[in-house]
Amino acid sequence: MLKNMLLAAALGVLVVGTGCHRNTRESAENDVERAAEKTEDAAEDAGDEIKDTAEEAGDEIEDATDD
């Protein structure tokens, strides 16, 4: 009886440990995906800012040469 209880406890620990490992791996994958999305968003925002700045500079040059 004691042997069966110890075996059951050991198997329970293994199952929980495996589940935690899987959750940790999935969590890490999700973290990497979120980081990639944030990096992509930041790059798009930076590209938009550069484009806007270039357009504003072009407008200012155009205004300066119109006079």
Side-chain angles (χ1 to χ4, degrees):
M1 177 96 153
L2 180 60
K3 196 189 261 187
N4 288 339
M5 287 175 46
L6 289 174
L7 181 59
L11 287 174
V13 168
L14 289 173
V15 168
V16 169
T18 302
C20 289
H21 175 69
R22 185 179 319 120
N23 290 339
T24 302
R25 185 180 63 230
E26 289 173 2
S27 177
E29 289 172 356
N30 290 338
D31 290 345
V32 169
E33 287 176 10
R34 278 194 300 266
E37 289 172 1
K38 286 182 180 181
T39 302
E40 185 178 333
D41 291 345
E44 287 177 7
D45 290 345
D48 291 343
E49 289 289 326
I50 292 169
K51 182 179 176 183
D52 292 344
T53 302
E55 287 177 1
E56 289 173 9
D59 291 343
E60 289 180 15
I61 291 170
E62 193 174 291
D63 290 346
T65 58
D66 285 345
D67 290 338

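Index from 1, following the sequence.
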(Q) Rounded at 0.5 Å granularity, tell me how far CD1 in I61 sits from CG in D63. (A) 10.0 Å

Q: List in chain and number order the residues that pass side-chain contact (heavy atoms from CB on, under 4.5 Å) with E55, two or more places apart in sequence or in another chain; answer none if no residue qualifies.
A: K51, D52

Donor-acceptor pairs under 3.5 angstrom involving side-chain atoms of residues 34-46: please list them, not counting sequence neighbours.
from	atom 1	to	atom 2	distance (Å)
R34	NH2	D31	OD1	2.3
T39	OG1	A35	O	2.8

